[in-house]
Amino acid sequence: MRQAGRYMSVYRKLAEKHPSFREKSETTDLIVEISFQPWEAFRPDGVIIFSDILTPLPAFGVLFDIEEVRGPVIQSLICSEDCLKALHPIDLEKLHFVGDSLKILRQEVGDHTAVLGFVGAPWTIATYIVEGGTTRTYTTVKSMCHTAPNLLRALLSHLTKAISEYIIYQVESGAHCIQIFDSWGGQLPPDMWEQWSKPYITEIVSMVQNKCPKIPLVLYINGNGGLLERMKGTGVDVIGLDWTVDMADGRKRLGNDICVQGIVDPTYLFSPLPAVTEEIQRVVKCAGPCGHFLNLGHGVLVGTPEEAVAHFFEVTKSLKHESSSQNHAMEESKLLV
């Protein structure tokens, strides 16, 4: 979950020479260098490509920029049927820097770690395209569900196809696993998420699994406490928990037949290290002995001490499930008898 970034001194030093986020995320050499920074420092179990969920937009007709203060700014809003005409099938050649970077990352890490790619879900991408950037209220796109439902459905359908092809492209370029960020899906009431987000994610999962059946897909939503069971119905392999969901509750609600991902609140890394250790141990214990990927919130926060990030990895790598395994073996022996 966003390993690289401004909390790392090596990233800040590089950003002084290359202040533009789009330059850093759309230049192969810089993507590879930044992607490797946390891996070289902490040796996590996966290398996440340095990119953004909005990166593929220009490849299917939506122009945007990322400003230092405002963040993403969409230059070609979709607000009418005529605006839809500007969209076209995704041109993967315009995303060659993503494919090239994944190939290099895969070649460099070999069998030592996984290469992780990601995309934005249709609803989340649509919020930016309709609202013109980030928003706190989502009033325009939410009202469109009622005032222009056909327009919104057409946009979501176009995004579904483009995102599916983009995932397949990342996989064919070397990604071992893909996470789908429906970051703003939690802004919808559960019944509206069922209507305006879930069907499009489900379609993506189906298309990708048909083409790349062995590639695990992860689904993550901010504020997903009211959506866990619904998320499971999309067909993904892993459900990422938001840190407002207790791991024990999440595991109980989802069951043991699906993997879970999560989740330590990123602010814990500003606490004394013993508190970080205790929280990691608690989360792992609640998740159970199998099918759990531990990670840190929605990314490492700016200002997080690097020694705390290092501690997070050191503690996690030291954990064993020996007692759980022994208990499981004892239960199997009793069943056999």
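The model shown is predicted, which means the values in this text are computed figures rather than measured ones. We number each residue from 1, following the sequence as shown.
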Review point. So, the side chain of N224 versus the backbone of D242: is there a donor-acceptor pair under 3.5 Å, distance only?
Key: yes
Check your understanding: So which of F21, F36, F97, W39 actually passes ring pair (Phe, Tyr, Trp, His ring centres under 6.0 Å) with F50?
Key -> F21
**Study point:** Flag side-chain contact, heavy atom, 4.5 Å: V315 against V276
**Key:** no
Review point. Quick one: does E131's side chain have a donor or acceptor within less than 3.5 Å of a partner on T140's backbone?
Key: yes
Point to revise | Shortest non-hydrogen contact between T55 and L95, atoms and distance | key: O-CD2, 3.8 Å
**Study point:** Hydrophobic cluster membership, V130 vs L77, 4.5 Å side-chain cutoff
**Key:** yes
Check your understanding: What do the steps show when you test F60 against K94 for side-chain contact (heavy atoms from CB on, under 4.5 Å), and what is the final call?
Key -> CA-CA 9 Å; F60 53 80; K94 293 182 178 180; over 6 Å; no
Review point. So K161 and E165, side-chain contact (heavy atoms from CB on, under 4.5 Å) or not? Walk me through it.
Key: CA-CA 6 Å; K161 189 173 189 307; E165 293 182 20; 2.4 Å; yes
Study note, to complete from the structure: In L159, L63, I125, the residue satisfying side chain to side chain contact (heavy atoms under 4.5 Å, CB included) with L57 is I125
Review point. When rounded to the nearest 0.5 angstrom, what is the spacing between NZ in K17 and CD in E23?
Key: 12.0 Å
**Study point:** Shared hydrophobic cluster, V171 / M207 (ILVMFWY, side-chain heavy atoms < 4.5 Å)
**Key:** no
Study note, to complete from the structure: Minimal heavy-atom distance between S51 and S25, with the atoms involved, is CA-CB, 4.3 Å
Practice item. Before giving the answer on side-chain contact (heavy atoms from CB on, under 4.5 Å), spell out for D237 and C259 the whole-Å C-alpha distance, their side-chain angles and the decisive distance to 0.1 Å. Key: CA-CA 6 Å; D237 303 284; C259 294; over 6 Å; no
Check your understanding: If you measure from the Lys or Arg side-chain nitrogens to the Asp or Glu carboxylate oxygens, is any gap between K232 and E229 under 4.0 Å?
Key -> no
Exercise for review: Starting from L273, walk the hydrophobic network (Ile, Leu, Val, Met, Phe, Trp, Tyr; side-chain heavy atoms closer than 4.5 Å) and list everyone else you reach, by chain and number.
Suggested key: none
Exercise for review: Using the test side-chain hydrogen bond (donor to acceptor under 3.5 Å, both in side chains), find all partners of T267 that sit at least two apart in sequence or belong to another chain.
Suggested key: D265
Check your understanding: Any donor-acceptor pair under 3.5 Å linking the side chain of R106 with the backbone of G174?
Key -> yes
Exercise for review: Report yes if the side chains of F270 and T304 come closer than 4.5 Å at any heavy-atom pair, otherwise no.
Suggested key: yes
**Study point:** Check: H292 side chain, G262 main-chain N or O, donor-acceptor pair, under 3.5 Å
**Key:** yes
Check your understanding: Got a donor-acceptor contact below 3.5 angstrom from the T124 side chain to the A121 backbone?
Key -> no
Practice item. Report yes or no: does N222 contribute a side-chain atom to a donor-acceptor pair with the main-chain N or O of W184 at less than 3.5 Å? Key: no
Point to revise | Test item: K317 and F42 side chains (from C-beta on) under 4.5 Å apart, heavy atoms | key: no
Point to revise | Any donor-acceptor pair under 3.5 Å from T27 side chain to K24 backbone | key: no
Point to revise | Euclidean distance, S164 OG relative to K211 NZ, rounded to 0.5 Å | key: 12.0 Å
**Study point:** Sidechain-backbone polar pair: R253 side chain, G225 backbone, donor-acceptor under 3.5 Å
**Key:** yes
Review point. Would you say the side chain of L87 lies within less than 4.5 Å of the side chain of I78, judging by non-hydrogen atoms?
Key: yes
Check your understanding: So, T113 side chain and D45 main chain: donor-acceptor pair closer than 3.5 Å or not?
Key -> yes
Practice item. Establish, from distance only, whether the side-chain atoms of D182 and S197 form a donor-acceptor pair under 3.5 Å. Key: yes
Practice item. Answer whether the closest heavy-atom distance between the side chains of L217 and T234 falls below 4.5 Å. Key: no
Practice item. Ignoring hydrogens and angles, tell me if any N or O in the side chain of Q195 forms a donor-acceptor pair with the backbone of C145 under 3.5 Å. Key: no
Check your understanding: Hey, is CD on E93 packed in by over 12 heavy atoms from elsewhere, all under 6.0 Å?
Key -> no
Review point. Is it the case that one hydrophobic cluster holds both L319 and M247, taking links as side-chain heavy atoms less than 4.5 Å apart, direct or via other members?
Key: yes
Check your understanding: Taking the six-membered ring of F64, is NZ or CZ of R22 closer than 6.0 Å to its centre and within 45° of its axis?
Key -> yes
Check your understanding: Which atom pair, heavy atoms only, marks the closest approach of I263 to L294?
Key -> N-CD1, 4.4 Å
Point to revise | P56 versus Y166, closest heavy-atom pair with distance | key: CG-CE2, 3.7 Å
Practice item. Specify the closest pair of heavy atoms between P122 and I163, including all atoms of both residues, with the distance to one decimal. Key: N-CD1, 3.7 Å
Practice item. Measure the CH2-CG distance between W123 and L155 for me, rounded to the nearest 0.5 Å. Key: 10.0 Å
Study note, to complete from the structure: Taken to the nearest 0.5 Å, the spacing of L102 CG from S173 OG works out to 5.5 Å
Practice item. Tell me whether I180 is reachable from I215 by hopping between hydrophobic residues (I, L, V, M, F, W, Y) whose side-chain heavy atoms are closer than 4.5 Å. Key: yes
Review point. What's the shortest heavy-atom distance between V236 and M231, and which atoms?
Key: CG2-O, 4.2 Å
Point to revise | Interatomic distance, L30 atom CG to L14 atom CG [nearest 0.5 angstrom] | key: 6.0 Å
Review point. Can we say R282 and D246 salt-bridge, meaning some charged N sits less than 4.0 Å from an Asp/Glu carboxylate O?
Key: yes
Practice item. Show your working on side chain to side chain donor-acceptor pair (under 3.5 Å) between S80 and D82 and close with a plain yes or no. Key: CA-CA 5 Å; S80 68; D82 288 338; 4.9 Å; no
Study note, to complete from the structure: Value for OG (S9) from CD (E306), rounded to nearest 0.5 Å, stands at 4.5 Å
Check your understanding: Can you check side-chain contact (heavy atoms from CB on, under 4.5 Å) on F118 and I49, steps first, answer last?
Key -> CA-CA 8 Å; F118 63 92; I49 184 172; 4.2 Å; yes
Review point. Are V309 and I280 connected in a single hydrophobic cluster, I mean Ile/Leu/Val/Met/Phe/Trp/Tyr linked by side-chain heavy atoms less than 4.5 Å apart?
Key: yes
Check your understanding: Do P72 and T134 come close enough that some side-chain heavy atom pair is under 4.5 Å?
Key -> yes
Exercise for review: Check salt bridge (charged side-chain N to carboxylate O under 4.0 Å, His left out) between R230 and all other residues, then give those that pass, not counting sequence neighbours.
Suggested key: E194
Review point. If we only count heavy atoms from C-beta on, is the H158 to L84 side-chain gap below 4.5 Å?
Key: no
Check your understanding: Do the non-hydrogen side-chain atoms of Q3 and V300 ever get within less than 4.5 Å of each other?
Key -> no
